[in-house]
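Data first, discussion second: the structure below is written as structure tokens.
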Amino acid sequence: MSNAIAQQRGLAAAIWDYMTTVDHKKIAHLYLVSGGLFFLIGGLEAMIIRIQLMKPDNDFISAGLYNEMITMHGTTMIFLAAMPIIFALMNAVVPLQIGARDVAFPFLNSLGFWLFLFGGLLLNVSWFTGGAPDAGWTNYAPLSTTSPGHGIDYYVMGLQISGAGTLIGGINFLVTIINMRAPGMTYMRMPLFTWTSFITSTLILFAFPALTVGLFLMMFDRMFGSAFFDVTAGGNEIIWEHLFWIFGHPEVYILILPLFGAFSDIISTFSKKRLFGYSAMVFATVLIGFLGFMVWAHHMFTVGLGPIANSIFAVSTMAIAVPTGIKIFNWLFTMWGGSIKMSAAMLWTVAFIPSFTIGGMTGVMLASAAADYQYHDTYFVVGHFHYVIVGGVVFGIFAALHYWWPKMFGKVLNEKLGHWAFWPFFIGFHLTFFIQHFLGLMGMPRRYWTYFEGQSLATGNMISTVGAFFMALGTLIFLYNVVYTAIKEPRASADPWDGRTLEWSIPSTPPFYNFKQTPLVRGLDPLWIEKMEGRKGITPAEPLGDIHMPNGSILPFLMSFGLFIAGFGFIYQVDHNAWFIAVAVGMGLTLGSMLTRSLKDDLGYHIHKEDLIEKGEGKE
Amino acid sequence: MSQEDILNPKQMPSDPEKATPEGKNKFVGFWMFLGGETVLFASLFGTYLALVRSTSGENTPENLFGLELVFIMTMLLLTSSLTSVYAMYHMKNNDFKKMQLWLGITVVLGLGFLGCEIYEFYHYIHEYGFTFRSSAFGSAFYTLVGFHGGHVVFGLSWFIALMLRNRKRGLNLYNAPKYYIASLYWHFIDVVWVFIFTVVYLLGKVG
Amino acid sequence: MIGLMGKLRPVFIFSVLALFLAGCGEENLSALKPKGYGAELLLDLMMISIAIMLFVFVIVMAIYTFVLIRYRRKKGEEDFIPKQTEGNKSLEIIWTVIPILLLLILAVPTVQATFDLADEQPRSEDGSITIEVTGNQYWWHFNYPDQEVSTSQDLYIPTGERVYLDMTSSDVIHSFWVPSIAGKMDTNPGGNENTMYLEAYEEGVYWGHCAELCGPSHSLMDFRVVAVSSEEYDQWISDMQNIDAEATPETASAQDGKAAFENSCMGCHAIGNSPAGVGPNLSNFGNRTKIAGILDYNKENLVDWIMNPDEIKPGNKMQGYNVSEEEAQQIADYLMQLDHTEVTPETVSNSSGEE
């Protein structure tokens, strides 16, 4: 009995700890768990879509519900699954890779997470309150502005809140990487994952405000009677498309770049070789990020921008293939002459190369503006972006999770189960999406609820659905592996992979202050350098001293919760003015918390060096 | 650096806003934030330019805008930017009283600007029936200028909160970065207004 | 470009079409079986890009396979430390420059084709046909302004010449796509009007789709393009111009149907050459091959459609007009006898589904 109470208290304390934490490693856990849950929800939606398309003239779900499924599948996977899992990795790894004790803004880091979570929850509440958004994840006006019910309102408010969280997270990582690097960690010694996180954060900073504005305009049109996209009052629906894609195209690089970095680190580690052409890789990343802002209109070739604009955007889009190609070849030549160990992380990485190459090639095909008149909005496009997003981002997430799992959770994921999860997912992935290129060219537009007998589309769709089940199986095995590892596997050593970068120089999992002494970085792959010179650990850059740490706070949670409440108020005030009370209460909570944060001194605390010596590194 | 050193420094350095690691982070981070804000306003300007001709009836930019008022507003805001520079100058000289004084003047000028803007909107709505909902131009105008106005409100509240919070304890290494980035924010608002003045009002009147 | 590609096509057919297998899809639907100028131009462009891409892919895969086999860690090699190569400038230059060259090879025909498909020079010449296309939830309206002819759902065009489409939408964004004749173009509401042209090589009935998500019945917004010889086209135009909307049907049931139609349906649906209404123009309903763009053409389906429109096309605007089953039967009889022209999809030599 008393034991049960103690356990309960332990659980409550743990929950409170996570609700108030500003430790980047715990925030990484929060991001991963919530992103993982949304990934499963998005996957379930995908399975329902594939079951509906299994055979011609199917009516497994209704046409209206189908549109809600595709909208929520896309929105969930991009904003609520891929983004947070990437933030989980960045949080878990970047400060360790640059030898920092924390991120630049621990409080904002926590705020970013809670904003994302409450935004995501708000969006998904729509399922239970009369219908989810149904205008596609791109949410084109005027379909979205005229969509009945409140589904689109949830889209607007949910993404606005979680988008703010993402923007905050991006700024945090920019400053962390600029200001918090350990002595000797020059820019050109940063591991590739840190570099790509840096570029991704830059893209977030400059891309998300365009979405913010788009969502505001959409919100004003739907809730307050403005006329931005209302052609009868002189509005112009194309503005939404521009704003959405000015954000939306950099967004796909925001997703893929950090995983390019992860692949680079993984390939280098498991080939036991320094990354081939490091500076070319960095340059290619920067170039991709830069060009990413110049190509948004290639999503709009059929909108009628005219041949001049279409040609310019076609050529600039093709240009992106060059730095991407540089990366592919440098990866191959990193492995060349190496000693390749086919661990689960490496397996996902090796599978990524041909999959992503295919995705990149169909990307170049799509860049060909005129040819896009055939591809656009067909299953060819669906095939293409799943090849880059699943074959790149999801493969990358699996690879990175296998690689950094010991650093995040202290145990190495079971390798055998890792291989078992890989194969069905890999085979299923190609079964599902390769055939979709052909379906598109054979005349199947995307977002089609059904197709008819006699259109020769049945076989391809059946194959695609079968593939989706294989992918689901692979995901389930991975989940089983997570549970199995937590129960059965022994604790991991500090450096289970014979790593090369700083994160492997500290215990798995690291103490909450990461580095007892700030490390001195003497070159690229600092840990490898020390190992080659016969030393065990990294040379410290400073004598043992007091460590300054930030205080935890519940305020980020409260600020985000306030916006969550206010979100409902904004959504429903069109039905009844009384809902403005919810707006007032929610905004009051948020602004009140902000004011508290601003006025109350919070200087953190110090761990004294005596405590560091006494308790050693095992302290958690 | 101990808490004591931060809250009651024995000697104020010449750039107290960047003397602590936290201050440095705030400094860089806020510049980044302003980069994002730039994209936000760029998007709003783009939208405005796309819809500026989508007027209804007589309520065109030429008929609505009166440059006299807008000129006064511009002068108020530009001057307030200058006074906030004075405030920061006194911060670097560790002269807390003068800093508060100049910030106070900044706030008064900002409030003057805000009053003019409210009057302007009121005037458009009541004299011309020109509202947020009358046309796409109306939506775009009030959104762009209103977003700027919202920034002014936020900036003023920020200054006031800082001034009240610290009025008794003076300057230290903990609040100096806060003052500094608040004044950066104020400059940014000023720069955005210069663009609004040019693109919305001047071009609207002559174009 | 067509000429050059025409000569090269057999090469591609053997290297690439092996991949495409029989999977070219349905005749008159698939973009891989072009029956018109645009579709053929674009298929050629696709072939160029596929050829270039396959070339790159083969190289990547060759290196990839070699590396993975040759450099896989073997037993006893656990302690082997490979040489830590920093990189290689010449290699970096090679894999930067060669892709740029390959992309230039693709960029040139891309730009050419993009301008070619936007070319409206020939339009100024006399006699070129202009058709106004309007997308609606969930049907298509086609107006021939010069001929003062209106029709919906079935677009009649002559073969062997360019027909220019001025495209717009009455509600949300749609996209007009006839894969086997040309690429697609969005129909936007408001002032963003688009143009494109169709040039069908052969007579036939071609599938058209809406390709931009436009609501629940997006996938049910099909239409047909009926390409006929220019003589037949002229015949069709003159037949359509001479439709007598007031003509009394032959059978009694159809006569009652006409009355019921005028009572319940006229508010939205036009017979004769009026501009786009709330619902499709039904002047030549008797010549349609599909009901509502999707159902097989028979009376049973038509009655069903009149009675339960929302079950068949969810979210469409034809709802709540509660005509009785008997009235629906009569209206069906009336509509199905509205065939005022000799030129119908059946008379087209190569109709859809005829393999």
Side-chain angles (χ1 to χ4, degrees), chain A residues 62-64 67 136 140 142-143 231 236-238 272-274 276-278 280 302-304 307 310-311 314-315 318 321-322 325-326 328-329 332 335-342 350 353-354 357 361 364-365 368-371 373-374 376-377 438 441-443 445 447-450 454-456, chain C residues 23 25-26 29-32 42 45-46 49 53 57 60-61 63-64 67-68 71-73 77 80-85 87 92 95-96 99-100 103 106-107 110-111 113-115 117-118 172-173 175 179 183-186 189-190 192 194 207 209 211-219 314 353:
Chain A
S62 74
N67 284 358
Y140 277 12
L143 180 63
V231 293
N236 190 338
E237 74 283 356
I238 308 296
K272 275 198 176 183
K273 261 188 76 196
R274 182 196 153 106
F276 192 88
Y278 172 86
T302 66
V303 168
N310 279 358
S311 298
V315 174
M318 288 178 189
V322 176
I326 292 176
I328 298 271
F329 284 111
L332 291 176
M335 293 192 280
W336 188 293
S339 169
I340 301 169
K341 182 175 189 293
M342 212 46 96
V350 161
I353 291 179
T357 307
M361 294 186 324
V364 174
M365 292 172 71
S368 177
Y373 299 161
Q374 289 287 25
H376 184 79
D377 263 346
F438 296 92
L441 292 173
M442 283 152 65
R447 293 164 168 173
Y448 259 30
W449 167 58
T450 191
Q455 295 185 325
S456 301
Chain C
E26 197 65 22
L29 166 63
S30 171
L32 300 170
L42 297 181
L45 194 54
M46 285 180 206
S49 59
M53 292 301 121
F57 189 67
V60 169
M61 289 318 287
I63 303 174
Y64 176 84
V67 162
L68 284 186
Y71 297 108
R72 182 99 185 249
R73 192 178 303 173
E77 283 183 0
F80 167 69
I81 305 275
K83 187 162 170 273
Q84 304 289 310
T85 342
E92 300 285 352
W95 59 58
T96 307
I100 290 178
L103 288 173
L106 179 59
T110 294
V111 173
T114 307
F115 277 88
L117 292 179
V172 303
I173 302 173
S175 193
K184 64 183 75 64
M185 185 61 91
D186 290 0
N192 300 300
N194 284 330
W207 290 81
H209 283 313
E212 181 65 62
L213 180 63
C214 58
S217 290
H218 167 51
S219 60

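In what follows, chains carry the letters A, B, and so on, assigned in the order in which the sequence lines appear, proteins first and then strands, with residues in each chain numbered from 1.
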Out of [options], which one racks up the most heavy-atom pairs below 4.5 Å with chain A?
{"options": "C:R72, C:M53, C:K184, C:M61", "value": "C:K184"}
{"options": "C:I100, C:T96, C:L213", "value": "C:L213"}
{"options": "C:P99, C:A107, C:S175", "value": "C:A107"}
{"options": "C:Y64, C:W95, C:F57", "value": "C:W95"}
{"options": "C:A118, C:G215, C:S217", "value": "C:G215"}

Interchain contact, [X] with chain A, by part (heavy-atom threshold 4.5 Å):
{"X": "C:K83", "value": "backbone"}
{"X": "C:E92", "value": "side chain"}
{"X": "C:D186", "value": "both"}
{"X": "C:P189", "value": "both"}
{"X": "C:M46", "value": "both"}

If you count heavy-atom pairs within less than 4.5 Å of chain C, which of [options] leads?
{"options": "A:S311, A:G277, A:A63, A:S339", "answer": "A:S339"}
{"options": "A:N236, A:T357, A:V350", "answer": "A:V350"}
{"options": "A:I238, A:V315, A:I328", "answer": "A:I238"}
{"options": "A:H376, A:E237, A:K341", "answer": "A:E237"}
{"options": "A:M342, A:M365, A:M361", "answer": "A:M361"}
{"options": "A:A321, A:S62, A:A369", "answer": "A:A369"}

For [X] versus [Y], what's the shortest heavy-atom pair and its separation?
{"X": "C:P82", "Y": "A:K273", "result": "CB-CG, 3.8 Å"}
{"X": "C:L103", "Y": "A:M318", "result": "CD1-O, 3.1 Å"}
{"X": "C:L106", "Y": "A:V364", "result": "CD2-CG1, 3.6 Å"}

Taking atom [atom1] of [X] and atom [atom2] of [Y], what is their separation to the nearest 0.5 Å?
{"X": "C:L117", "Y": "A:Y373", "atom1": "CG", "atom2": "OH", "answer": "6.5 Å"}
{"X": "A:W336", "Y": "C:I63", "atom1": "CH2", "atom2": "CD1", "answer": "7.0 Å"}
{"X": "A:M335", "Y": "C:L68", "atom1": "CE", "atom2": "CG", "answer": "5.0 Å"}
{"X": "A:T302", "Y": "C:M185", "atom1": "OG1", "atom2": "CE", "answer": "7.5 Å"}

Need one label for [X]: side chain, backbone, both or neither, based on atoms under 4.5 Å from any heavy atom in chain C.
{"X": "A:L143", "result": "both"}
{"X": "A:F329", "result": "both"}
{"X": "A:V303", "result": "both"}
{"X": "A:A371", "result": "both"}

inquiry  = Closer than 3.5 angstrom, by distance alone: can the side chain of A:Q374 be matched with the main-chain N or O of C:P179 as a donor-acceptor pair?
reply    = yes
Do the side chain of A:Q455 and the main chain of C:S30 share a donor and acceptor less than 3.5 angstrom apart? no
